[in-house]
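All chains are named by letter (A, B, ...) in the order of the sequence lines, taking the proteins before the strands, and each is independently numbered beginning at 1.
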Number of protein chains: 2
Amino acid sequence: MEKHQLIIDATCDLIAENGLQATPISSVAKEAGCGAGTIYRYFETKEELIEAVYLSLMERFTSACLENLDRTASVREQLNTIWLNLYHYMREVPRDALLLDQLSVAPAISAELQERGKRDLKTTIDPIFTRGRQEGSIKDIPDDVLGVFVYGGISTLLRTDRNAPCVVPTVVTDDMLLSICWGAIEKRD
Amino acid sequence: MEKHQLIIDATCDLIAENGLQATPISSVAKEAGCGAGTIYRYFETKEELIEAVYLSLMERFTSACLENLDRTASVREQLNTIWLNLYHYMREVPRDALLLDQLSVAPAISAELQERGKRDLKTTIDPIFTRGRQEGSIKDIPDDVLGVFVYGGISTLLRTDRNAPCVVPTVVTDDMLLSICWGAIEKRD
DNA sequence: AGGAACAGAATGAACGTTCATTCCGTTTTA
DNA sequence: TAAAACGGAATGAACGTTCATTCTGTTCCT
């Protein structure tokens, strides 16, 4: 495998396990099986490495969320797919869920980088919300608000469970989760 | 004011503004108007200081959320009060919202400390959920799941807005917010 | 005077980053 | 073809900086 990617992977593992401020370059080098100096052949600074880690993480989230998405299906079916994809990915790959928690408060992650990381997902989801709103099945509230609220709920739920385990995985079925998510955004008369 | 509290306050301000890893003791000392050594008269280690900061933060959140709570009111009214209190507090005191973001991924904050920080709030809210469930107005889903989901939605919404401002404060009315929160947890037939 | 409280310089460990050197595969030369 | 020359990837010891913590002399209070 490419050294570039090897270094990124090692950094992902270490930050998820130990946190950002407990992940010195020296330990990344050891984990990646190279010398510390080598890392600086691929990344000018540690900050740049972190940025690369963040973008690779967001790519994985994006493709996980969009997996098996049938873009001809109904609004409801499409959102169900995306939300369950997100929920399952975060449960199955806690490393990436932990990593996202760490990076979302890292000073190295600027506002534009965040925007870049979310762009692909947003350009898929926002039209679904828009359509749902036109069809009258979704509340008249901006895309961002609806999307972010649901995302925040799911991610916080799983984060809490990671800290004090055993509540969520055994109790929250897919149906429950979707009922909560839909309740939040659904328009009722 | 007590030096003890002065040091905690200075630390709150600096962590909220600069992040935890950009808040050395030396800068806390300067902000608090004392020498670095003085801090160690009140806190044995920096970690202990961070723990005190966290507990003081959670006290403020707790009392903000429970303000004007009428414990004889209906389930719906009580939850409305709590959620709006939370929403308004996080909007009005962004320093504390930022601080919570930083501390919730800090290694100094252990799982038990988190539990202690949330305890008072939970012992008030959980019975409200339980009652709502008995009355048939709230979904048959554990307290933790419902509470955490709503909290996560609100806090993530405001965090996102802080990074790319202007969406939320002007657009999301109290009614909208409550409609989202209630939709998530409300039982419908 | 005597002891507690305080300030800030001193200390040593840990970190990000640099750089002189080594290593290794490829190209050139005879 | 064999060996010499080359170039850039890789290395890790060394450097300068920053930080938490300690030390030491001073100030304040009673």
Side-chain angles (χ1 to χ4, degrees), chain A residues 1-57 98-99 101-110 113, chain B residues 1-57 98-99 101-110 113:
Chain A
M1 197 202 261
E2 275 305 313
K3 268 253 144 76
H4 183 90
Q5 192 58 43
L6 222 77
I7 293 168
I8 290 181
D9 286 349
T11 312
C12 288
D13 287 345
L14 290 170
I15 293 179
E17 187 165 0
N18 307 321
L20 181 54
Q21 65 260 56
T23 302
I25 289 287
S26 58
S27 77
V28 173
K30 195 191 290 181
E31 179 86 4
C34 68
T38 306
I39 292 173
Y40 287 84
R41 296 199 62 76
Y42 295 93
F43 305 95
E44 290 211 344
T45 62
K46 188 184 185 186
E47 182 167 320
E48 201 176 277
L49 167 60
I50 302 299
E51 290 178 9
V53 164
Y54 177 73
L55 287 179
S56 83
L57 173 72
L98 280 158
L99 188 53
D101 283 349
Q102 290 291 325
L103 295 190
S104 51
V105 300
I109 311 300
S110 67
L113 198 69
Chain B
M1 196 203 262
E2 275 305 314
K3 270 249 148 75
H4 183 89
Q5 193 59 42
L6 224 77
I7 293 168
I8 290 181
D9 286 348
T11 312
C12 287
D13 287 344
L14 290 170
I15 293 180
E17 187 166 359
N18 308 319
L20 180 54
Q21 65 260 54
T23 303
I25 290 287
S26 58
S27 76
V28 173
K30 194 191 293 181
E31 178 86 5
C34 70
T38 304
I39 292 173
Y40 285 84
R41 295 199 58 75
Y42 294 93
F43 305 94
E44 292 212 343
T45 62
K46 186 185 184 184
E47 181 167 322
E48 201 175 277
L49 167 60
I50 302 299
E51 289 177 9
V53 164
Y54 177 74
L55 287 179
S56 84
L57 172 72
L98 279 159
L99 187 53
D101 283 349
Q102 289 291 325
L103 295 189
S104 52
V105 301
I109 311 300
S110 67
L113 198 70

Hits for side chain to side chain donor-acceptor pair (under 3.5 Å) against T38(A), two or more places apart or cross-chain, chain-then-number order -> none
Once base and sugar-phosphate atoms are separated, protein heavy atoms under 4.0 Å mark nucleotides 9-23 of chain D, 5' to 3', with B, S and - as BBBB------SSBB-
Contacts of N18(A) meeting side chain to side chain donor-acceptor pair (under 3.5 Å) (sequence neighbours excluded), chain-then-number -> none
Going by atom type alone, with no hydrogens or angles, which donor-acceptor pairs under 3.5 Å involve a side-chain atom of residues 22-34 of chain B and a protein atom two or more places apart or on another chain?
residue: T23(B); atom: OG1; partner: G19(B); partner atom: O; Å: 2.7
residue: S27(B); atom: OG; partner: P24(B); partner atom: O; Å: 2.9

Applying side chain to side chain contact (heavy atoms under 4.5 Å, CB included) to L113(B) and not counting sequence neighbours gives E51(B), Y54(B), L55(B), I109(B), S110(B), R116(B)
Contacts of E48(A) meeting side chain to side chain contact (heavy atoms under 4.5 Å, CB included) (sequence neighbours excluded), chain-then-number -> F43(A), E44(A), T45(A)
